[in-house]
Amino acid sequence: MRVVFLGTPDFGVPSLKALHSAGYEIAGVFTQPDRPKGRGNKMVKSPVKECAEALGIPVFQPVKIRADGVEALRSLQPDLCVTAAFGQILSQEILDIPRIGTVNVHSSLLPRYRGSAPINWAILEGETVTGVTTMMTDKGLDTGDILLQKSVEILPGETAGELTDRLAPIGAALLIETLRRIEQGNCPRTPQNEAEASYFPMLKKEMAPIDWRMPASRIVCRVRGLSPWPGTTLAWGDGETVKVLRAEEVDASGGPGEILAADAKRGLIVAAGEGAVRVTALQAPGGKAMDARDYFRGHPCAHTRCLLTEEEKNE
RNA sequence: CGCGGGGUAGAGCAGUUCGGUAGCUCGUCGGGCUCAUAACCCGGAGGUCGAGGGUUCAAGUCCCUCCCCCGCAA
């Protein structure tokens, strides 16, 4: 079976590797164009491109596959397309090219958590279970028929980044099982139940600042769910902002945003809308990540007593 | 040449403006004290100040070159 793989970030790499080692003929790989990244704005290849090149597979990088990638894909004459976090919407014209269709690996238990950041949102919503789904891509956004699913427990304290790393190989294994069963002609295919469907939007960096009026449990979920990007931040009153990398709920109380402790012994404890949050790891501007207690050894705290902004207080 | 922060004891930092004895908060080791604590008191060990070169009587500090870490923007 001739397969074309479409993917971009790390999440897709295990699936590509699995296809290769399972013996599928991979006619080509589509991935997002190289982009200037990091310090110095150096051009960086996507992880999927790195992998494809290492495997000796031709790589295609249309800026917009719907516009300038159609002929390239058609010329590869795929029996099947596989997508895993490709990052571009496929048009009906694209979907019509592969003989069998397009299988997508999605990191949630569809029909819940449709959208481009299902792992983050599952944690943000306080879920304890999520999973991966293989589905037949159709013109809607993550609306196609479900093929196979596997549920996965979300570990206590697990961040979105960590869960992504854990889900990627699980998705790859599920993909191979899906293709095997398609070839055998016994793959289940179930339309999604629209009544149970939920959709969550892309993450924005505007989501990073903590709103201390939220319950402590919810703030901790945000720290986990928004890691590593866009991250979670708190602002001292003086304009300084630090990234909050790790936090846990603790039993204490005070007015929302009130600093209950900020020293080298106890670390940083801030009261929330309900309960309180202990920040256990943070990162100052220009600095590296560190334990909150280490931070206060060198930064004697002379900050404000409350982390709510004037705006928030007045609301 | 995208913008910017940083490298000083095991950890986190100050000291660099204007060259002149290596400091702080912790940790650690030894001793003491307390019913007790995020304890407290006394004492000690621990540093090629990222690397190399230059200027100087004298460089953590000034000049040149290089290495490494990090944030933003994309």
Side-chain angles (χ1 to χ4, degrees), chain A residues 7-12 30-50 59 61-65 67-68 85-89 116-117 120 159-162 164 201-210 216 222-254 258-272 275-305 307 309:
Chain A
T8 301
D10 288 312
F11 179 80
F30 282 68
T31 191
Q32 298 269 22
D34 297 358
R35 296 249 161 73
K37 263 191 179 176
R39 287 165 224 121
N41 276 340
K42 294 187 177 73
M43 295 300 278
V44 172
K45 302 171 185 175
S46 76
V48 162
K49 178 176 177 179
E50 294 278 4
V59 174
Q61 299 176 278
V63 173
K64 203 170 183 180
I65 191 170
D68 54 347
F86 176 46
Q88 293 189 28
I89 306 268
S116 59
N120 302 272
T159 67
E162 292 161 352
T164 300
M202 277 195 300
L203 302 178
K204 300 192 194 79
K205 67 179 175 186
E206 288 75 30
M207 297 171 70
I210 292 175
R222 287 181 79 83
V223 173
R224 294 165 54 212
L226 297 179
S227 167
W229 193 91
T232 310
T233 62
L234 68 80
W236 305 119
D238 57 7
E240 284 283 286
T241 296
V242 299
K243 287 191 169 186
V244 176
L245 303 176
R246 292 274 178 185
E248 61 192 22
E249 193 174 356
V250 293
D251 188 18
S253 60
E258 183 183 347
I259 297 178
L260 302 176
D263 56 60
K265 295 291 183 190
R266 292 168 295 178
L268 177 62
I269 302 176
V270 183
V277 175
R278 183 206 296 275
V279 174
T280 54
L282 53 76
Q283 182 167 22
K288 50 187 177 181
M290 70 182 75
D291 187 285
R293 286 166 301 191
D294 289 338
Y295 175 81
F296 288 109
R297 280 193 188 97
H299 299 82
C301 185
H303 299 296
T304 53
R305 293 174 45 79
L307 295 178
T309 64

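Convention: sequence-line order gives letters A, B, ...; per-chain numbering from 1. Hydrogens, waters and symmetry mates play no part in the numbers below; they use all other heavy atoms, side chains included.
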- Task: Mind calculating the distance between CZ (A:Arg278) and C1' (B:A38) to the nearest angstrom?
- Result: 10 Å
- Query: With both distances kept under 3.5 Å, what pairs with B:C35, Watson-Crick or G-U wobble?
  - Reply: none
- Query: Can you tell me how far CD of A:Glu258 sits from CG of A:Leu307, rounded to the nearest 0.5 angstrom?
  - Reply: 10.0 Å
- Mind checking A:Lys42 for me? I need base, sugar-phosphate or nothing, with any heavy atom below 4.0 Å counting as a touch. nothing
- Note on the structure: Those residues at least two apart in sequence (or on a different chain) that pass side chain to side chain donor-acceptor pair (under 3.5 Å) with A:Gln61 are A:Asp34, A:Lys49
- Between B:C63 and B:U56 - C1' atom distance, rounded Å: 12 Å
- Message: Distance check needed: B:C70 P versus A:Gln283 CD, whole Å only.
- Response: 9 Å
- Task: Fit a plane to each ring of A:Phe296 and A:Trp236, take the angle between them on a 0 to 90° scale, and name the class: parallel (under 30°), tilted (30 to 60°) or perpendicular (over 60°).
- Result: perpendicular
- Is A:Met202 atom CE crowded by more than 12 heavy atoms from other residues, nucleotides or ligands, each under 6.0 Å away? no
- If B:G71 has a Watson-Crick or G-U wobble mate with both distances under 3.5 Å, name it; if not, just say none. B:C3
- Item | Distance, rounded to the nearest Å, where A:Leu260 contributes CG and B:A38 contributes C1' | 15 Å
- Task: Can you figure out which of B:C26, B:A73, B:G12 approaches the side chain of A:Asn41 most closely?
- Result: B:A73
- Message: In whole Å, I'd like the distance from the NZ atom of A:Lys205 to the C1' atom of B:G71.
- Response: 13 Å
- Task: Under the salt bridge (Lys or Arg N to Asp or Glu O under 4.0 Å) rule, what do A:Glu162 and A:Arg246 come out as? Steps first, then yes or no, please.
- Result: CA-CA 13 Å; A:Glu162 292 161 352; A:Arg246 292 274 178 185; 2.5 Å; yes
- Message: Let me confirm one number: the CG-NZ distance from A:Leu282 to A:Lys243, rounded to the nearest 0.5 Å.
- Response: 12.0 Å
Pairs: protein N or O with nucleotides 3-7 of chain B N or O, under 3.5 Å:
residue, atom, partner, partner atom, Å
B:G5, N2, A:Gly286, O, 3.2
B:G5, N3, A:Gly286, O, 3.4

- Distance between P atoms of B:C26 and B:C68 (Å, rounded): 36 Å
- Query: Looking only at atom P, what distance separates B:G23 and B:G60, rounded to whole Å?
  - Reply: 13 Å
- Message: Side chain of A:Asp263 only, heavy atoms from C-beta on: which candidate in B:A74, B:C72, B:A38 is closest?
- Response: B:A38
- Message: Measuring only the C1' atom in each nucleotide, how far is B:U25 from B:C72? A whole number of Å is fine.
- Response: 30 Å
- Across the strands shown, which category fits A:Lys288 at heavy-atom distances under 4.0 angstrom: base, sugar-phosphate, nothing? sugar-phosphate
- Item | Which residues share a salt bridge (charged side-chain N to carboxylate O under 4.0 Å, His left out) with A:Arg39, sequence neighbours left out | none
- Message: Can you tell me the base-pairing partner of B:C62? Count Watson-Crick or G-U wobble geometry only, both distances below 3.5 Å, and say none if there is no partner.
- Response: B:G54
- Item | Listed nucleotide nearest any side-chain atom of A:Arg266, set B:A38, B:G71, B:A74 | B:A38
- Task: Could you work out the separation of B:A51 and B:U8 based on their P atoms and round it to a whole Å?
- Result: 10 Å
- Query: How far, in whole Å, is B:A59 from B:C40 if one measures between their P atoms?
  - Reply: 40 Å
- Query: Is the backbone of A:Gly7 close enough, under 3.5 Å, to the side chain of A:Thr31 for a donor and an acceptor to pair up by distance?
  - Reply: yes
- With rounding to whole Å, what would you report as the distance between B:G4 and B:A22 at their P atoms? 34 Å
- Query: What is the distance, rounded to the nearest whole Å, between atom NZ of A:Lys37 and atom P of B:C72?
  - Reply: 13 Å
- What integer distance in Å separates A:Leu245:CG from B:C70:P? 13 Å
- Tell me which nucleotide among B:C13, B:A74, B:C72 gets nearest to the side chain of A:Met290. B:C13
- Message: Nearest to the A:Lys265 side chain among B:G12, B:A73, B:A38, which nucleotide is it?
- Response: B:A38
- 5'-most contact on RNA chain B (nearest-nucleotide basis), A:Asp294 vs A:Pro230, goes to A:Asp294
- Between A:Pro36 and A:Ala289, which is nearer to the 5' end of RNA chain B once each is assigned its nearest nucleotide? A:Ala289
- Base partner of B:U21, which must satisfy Watson-Crick or wobble distances under 3.5 Å: none
- Message: Distance check, C1' atoms only: B:G43 and B:A36, in whole angstrom units.
- Response: 25 Å
- Note on the structure: In this structure, CG of A:Leu234 is separated from CD of A:Glu240 (nearest 0.5 Å) by 11.0 Å
- From CG of A:Asp291 across to P of B:G27 the rounded distance in Å is 14 Å
Would you tabulate the pairs of protein nitrogen or oxygen atoms and nucleotide nitrogen or oxygen atoms of nucleotides 22-25 of chain B closer than 3.5 angstrom?
none

- After noting the C-alpha distance and the side-chain angles of A:Leu260 and A:Val270, does the key distance pass the side chain to side chain contact (heavy atoms under 4.5 Å, CB included) rule? CA-CA 5 Å; A:Leu260 302 176; A:Val270 183; over 6 Å; no
- Qualifying salt bridge (Lys or Arg N to Asp or Glu O under 4.0 Å) pairs, either residue in residues 279-298 of chain A, two or more places apart: A:Asp291-A:Arg293, A:Asp294-A:Arg297
- Got a sec, which residues hit ring pair (Phe, Tyr, Trp, His ring centres under 6.0 Å) with A:Phe86, two or more places apart in sequence or on another chain? none
- Is a donor-acceptor pair below 3.5 Å formed from side chain A:Arg35 to base B:A74, judging by atom type as modelled? no
- Item | Nearest-angstrom distance from the residue atom OH of A:Tyr295 to C1' of B:G27 | 20 Å
- Note on the structure: Mate of B:G43 across any strand shown (Watson-Crick or G-U wobble, both atom pairs under 3.5 Å) is B:C29
